[in-house]
Amino acid sequence: MSAQTARGMRDFLPEDTRRRNRVATTIQSVFQRYGYEPMETPAVERIETLLGKYGEEGDQLLFKILKRGEGARLGEVDLGLRYDLTVPLARVVAMNAGKLVYPFKRYQMSPVWRADRPQKGRFREFVQCDVDIVGTASLLADAELIAVAHDALTDLGFVNEFRIHLNHRQVLRGIVESAGVAVDREGDVLVSLDKFDKIGVDGVCKELEQRGFESHVVDRLRVLMDATDANPDSGLDIIHEFVQSSPTGKVGLLQLKEMVGVLGAYGFPPGSVIVNPVLARGLSYYTGPVFEATISGFSGSVAGGGRYDNLVGMFSGQSIPATGISLGFERLVVIMEERGMFSDLPCPVGVLVTRMGPEFLYDSIEFAQQLRAIGVSVELIYEDRKLAKQLKHADARSIPVAAIIGPDEKAKGTVILKDLRRGSQHEVPRADAGDQVKRLLSDITGSR
RNA sequence: GUGAGUGUAGCUCAAUAGGUAGAGCACCGGUUUGUGGUACCGGUGGUCGCGGGUUCGAACCCCGUCACUCACCCCA
């Protein structure tokens with residue numbers, strides 16, 4: 001019998017959970033600040049809901065659930081674990097289209113499952129934080145999502161350490177068209193182009209050649225990448241040059257210009273949101289603006305999203321426009337742990353109430369309750385062990401204050417409050433102890 | 001799915017040319033039976049991932065297998 005989690009699955013011990021909760025509440029409060037409401041959907045969806053939404057690769061990565069009974073023996077599948085939160089949302093909207101108030105703004109933070117091979121910042125079970133706006137084609141919605149991501153990353157502590165990239169599916173189509181690529185090979189080009197950040201101009205060109213693209217196509221895209229590389233802040237101008245011959249591309253460009261204008265009004269620091277002509281994004285359901293957030297020093301994205309105006313229609317036949325972004329919760333946690341960004345998390349327990357012996361136990365319990373009644377988090381020692389051991393336990397748990405009641409204190413109706421960080425202690429009447437404890441705890445958190 | 005690396009005590013790691021395992025930290029006890037985080041002394045703890053093979057003898061060599069890590073594919 002091996003005590004081990006399944007591949008790519010993790011336990012979260014209390015310290016992990018404390019950190020994760022900090023990230024979750026920080027992100028949630030941003031979502032709520034913009035008027036999004038929480039929503040939840042089942043972990044399990046019908047398999048046909050999931051299949052065919054994420055491309056061939058995605059279908060391979062779905063965790064599938066065998067039918068019960070006879071079907072299991074035959075290997076029949078009728079259910080699967082959700083692969084993301086966007087497709088379930090589209091399903092919910094299709095199911096409840098008449099009941100919802102539009103624009104429907106919801107967020108969801110839930111685990112999703114992918115049968116991927118784990119690596120850094122990648123797991124088989126991982127939490128996504130999705131915010132979406134359903135029922136409006138307005139680009140204000142897309143811009144707002146960028147603002148939400150911007151605020152979330154900022155509040156988490158990544159001030160000036162991230163960048164949000166913005167592009168448009170129709171711009172990409174325009175670029176690809178004008179480079180002379182057939183529509184059915186657009187996907188291949190975009191997949192390679194998207195690796196620009198990682199493998200550079202030469203890497204992308206090499207890959208394009210390997211995929212069999214003619215040299216005039218590769219050369220054209222090389223010019224695009226060189227221009228982007230040289231002037232990362234001139235994305236709109238570069239796109240302008242590259243979509244002249246494409247009506248579709250021009251539409252996309254106009255929309256990007258509009259968004260850039262709107263984003264200007266949000267007042268973000270220069271360079272934190274940029275138009276990136278080579279940002280592609282893999283998922284096939286995007287139809288308009290696409291966005292992605294990166295953090296300096298981390299390869300890969302920490303957020304991604306875009307407009308998907310046709311996804312709801314796949315379920316109901318009734319097309320409803322929608323746009324959304326997903327924050328990569330796990331990657332953010334990984335990066336924040338690496339960079340020591342949780343060092344300010346306080347110990348959840350404020351006071352350890354020690355005990356001196358059987359005859360003083362009830363005093364300790366009464367005192368613990370006295371503190372709990374005023375909202376202090378208190379832990380009581382269960383075993384009758386020597387005081388040194390009890391204080392050691394407080395250390396192990398980083399509890400900042402110990403309360404000691406022995407024969408002397410019992411006789412006088414006092415308690416010793418010991419500040420374990422400083423090593424100082426003083427004896428106070430038990431009636432005043434609540435205020436003293438609160439003062440001590442606020443001193444300790446304030447002085448950090 | 002592909003490739004590379006690593007699996008020895010709870011954790012981080014040692015073990016000299018194959019001779020049946022050791023340190024630090026942690027834990028427990030003591031120096032201090034009312035005071036932790038510093039010091040000193042002692043102690044518990046290991047089927048060397050698992051299975052086979054070579055050998056008088058394997059943690060070490062060979063084969064297989066599993067797990068983890070990293071990278072690719074793809075993605076958060």
Hey, does the Lys NZ or Arg CZ of A:Arg185 hover above the aromatic six-ring of A:Phe213, less than 6.0 Å from the centre and inside 45° of the axis? yes
Geometric cation-pi criterion A:Lys105 and A:Tyr36, 6.0 Å radius, 45° cone: yes
Which stems does RNA chain B form, counting runs of 3 or more consecutive Watson-Crick or G-U wobble pairs with both distances under 3.5 Å? B:1-7 with B:66-72, B:10-13 with B:22-25, B:27-31 with B:39-43, B:49-53 with B:61-65
Taking atom types as modelled and ignoring hydrogens, do the side chains of A:Thr323 and A:Asp142 form a donor-acceptor contact shorter than 3.5 angstrom? yes
With no hydrogens and no angle check, do the side chains of A:Thr41 and A:Gln108 hold a donor and an acceptor under 3.5 Å apart? yes
Which of residues 16-50 of chain A have a heavy atom under 4.0 Å from RNA chain B? none
[atom1] spacing across the pair [N] / [M], given as an integer number of angstrom:
N	M	atom1	result
B:C40	B:U12	P	25 Å
B:U47	B:C66	P	24 Å
B:A15	B:G7	P	11 Å
B:C61	B:C48	P	15 Å
B:U16	B:G30	C1'	37 Å
B:U38	B:A21	C1'	32 Å
B:C60	B:G64	P	16 Å
B:G22	B:G52	C1'	29 Å

Rounded distance in Å - [atom1] ([X]) to [atom2] ([N]):
X	N	atom1	atom2	answer
A:Trp113	B:A76	CH2	P	16 Å
A:Asp419	B:U35	CG	P	18 Å
A:Tyr83	B:C75	OH	P	7 Å
A:Ile199	B:C74	CD1	C1'	13 Å
A:Glu56	B:C73	CD	P	17 Å
A:Arg114	B:C75	CZ	P	9 Å
A:Arg124	B:A76	CZ	C1'	16 Å
A:Asp130	B:A76	CG	C1'	9 Å

Please report the shortest heavy-atom distance between [X] and [Y], naming the atom on each side.
X	Y	value
A:Ile374	A:Lys438	O-NZ, 3.0 Å
A:Leu391	A:Ala402	CD2-CB, 3.7 Å
A:Pro88	A:Tyr54	CD-OH, 4.5 Å
A:Ala433	A:Gln370	CB-NE2, 4.4 Å
A:Pro321	A:Arg307	CB-NH1, 3.7 Å
A:Leu441	A:Gly350	CD2-O, 3.6 Å

Would you say the base of B:A76 stacks on A:Phe329 (centre-to-centre below 5.5 Å, plane angle below 30°)? no
If the condition is ring-ring contact (aromatic ring centres under 6.0 Å, His included), which residues does A:Phe298 pass it with, not counting sequence neighbours? none
Between the protein and nucleotides 67-71 of chain B, list every N/O to N/O distance that falls short of 3.5 Å.
residue : atom : partner  : partner atom : Å
B:A67   : O2'  : A:Gln4   : NE2          : 2.9
B:C68   : OP2  : A:Arg7   : NE           : 3.1
B:C70   : OP2  : A:Lys120 : N            : 3.2
B:A71   : OP2  : A:Lys120 : N            : 3.4

Any idea how A:Tyr107 and A:Phe31 line up, ring-wise: parallel (<30°), tilted (30 to 60°), or perpendicular (>60°)? tilted
Do A:Lys410 and A:Asp408 meet the salt-bridge criterion of a basic N to acidic O distance under 4.0 Å? no
Above 12 or not: heavy atoms from other molecules or residues under 6.0 Å from CZ of A:Arg46? no
Across nucleotides 24-34 of chain B, 5' to 3', mark each nucleotide with B, S or - according to how protein heavy atoms within less than 4.0 Å reach it. ----SSS---B
For A:Glu186, the salt bridge (charged side-chain N to carboxylate O under 4.0 Å, His left out) test, sequence neighbours excluded, returns A:Arg173
By the 4.0 Å heavy-atom rule, please label A:Gly423 as base, sugar-phosphate, or nothing. base
Heavy atoms only, 4.0 Å cut-off, all strands: where does A:Ala394 land among base, sugar-phosphate and nothing? nothing
